[in-house]
Amino acid sequence: MDNISIELKGSEIAAIDCRDGLLTIEFSRAYLIKTMTGSHERTRWWQAGSLMIDGAVLEGETPDCPLICSGGDIEENIYTYRDMIPIPLDSRGHVRCELGFSGLESRLVATGTAIRLLMRETPKYIEHLRSNGSA
């Protein structure tokens, strides 16, 4: 079994929309890191997907897209994921999302009651990562 997560830094966001209490963040290229269980081998992939927060309350305005994510935190109940999103992710309870973007001082900050991640299409391979983090 593989351990898969989205690496927020560098991931490309095509759209951010909040209506009727549903915040949707559309990733045109979410960068994935896959690690095989029991192995130090890691690979980088990209895939499109949507991060959705139900019962969303935004602090401030949504920035204009497209954007490059510079990192951030996803809080899901007692867990905080820094600069990454685990795959799969589907949870109810306390949710908070704070994302930064390259070239912008403002951040996207939202709270909500549920969070889910929906990945689309097939992941595309980019590269093998050496143990020191370089390609």
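Just so we're clear, the structure is a prediction, and the values are computed from it rather than from any experiment. We use all heavy atoms of the structure for the numbers below, so side chains are in, but hydrogens, waters and symmetry mates are not.
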State, yes or no, whether a side-chain contact exists between [X] and [Y] at a heavy-atom distance under 4.5 Å.
X   : Y    : answer
L8  : F27  : yes
P88 : M119 : no
I25 : C97  : yes
I16 : L99  : no
R44 : I33  : yes
M84 : P86  : yes
T62 : L108 : yes

(request) Return yes when atom NZ of K9 has more than 12 non-hydrogen atoms of other residues, nucleotides or ligands closer than 6.0 Å, and no otherwise. (result)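 Not more than 12 within 6.0 Å, no.
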(request) Give the minimum heavy-atom separation between R107 and G71, together with the two atoms involved. (result) NH2-O, 4.2 Å
(request) Mind listing the closest non-hydrogen atom pair of P63 and F101 along with its distance? (result) CG-CE1, 3.7 Å
(message) Could you see if L129 belongs to whatever hydrophobic cluster contains L32? Use Ile, Leu, Val, Met, Phe, Trp, Tyr and a side-chain cutoff under 4.5 Å.
(response) no
(request) Report whether Y79 and V109 are members of the same hydrophobic cluster (ILVMFWY, side-chain heavy atoms less than 4.5 Å apart, transitive linking). (result)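 No.
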Quick check: does any side chain N or O of [X] sit under 3.5 Å from a backbone N or O of [Y], one acting as donor and the other as acceptor?
X   : Y    : value
S70 : G100 : yes
N77 : R92  : yes
Q47 : E121 : yes

(message) Apply side-chain hydrogen bond (donor to acceptor under 3.5 Å, both in side chains) to residues R120 and S50 and explain how you reach the verdict.
(response) CA-CA 8 Å; R120 290 186 301 281; S50 302; 2.7 Å; yes
Spacing of [atom1] belonging to [X] relative to [atom2] belonging to [Y], to within rounding of 0.5 Å:
X   : Y    : atom1 : atom2 : answer
M52 : T24  : CE    : OG1   : 6.5 Å
I13 : C65  : CD1   : SG    : 6.5 Å
E59 : E98  : CD    : CD    : 8.0 Å
S5  : L89  : OG    : CG    : 11.5 Å
D54 : L22  : CG    : CG    : 5.5 Å
R42 : E127 : CZ    : CD    : 10.0 Å

(message) For E75 and T80, which I'm curious about, is there any donor-acceptor pair between the side chains at under 3.5 Å?
(response)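 The criterion, which ignores hydrogens and geometry beyond distance, is not satisfied for T80 and E75.
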(message) Please identify which of these residues, L67, D64, I68, meets the side-chain contact (heavy atoms from CB on, under 4.5 Å) condition with L104.
(response) L67
(message) Here's a test for you: under side-chain contact (heavy atoms from CB on, under 4.5 Å), which of D90, I6, I74 qualifies with L117?
(response)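 Only match with L117 under side-chain contact (heavy atoms from CB on, under 4.5 Å): I6.
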(message) Are Y31 and W46 an aromatic pair, judged by ring center distance below 6.0 Å?
(response) no
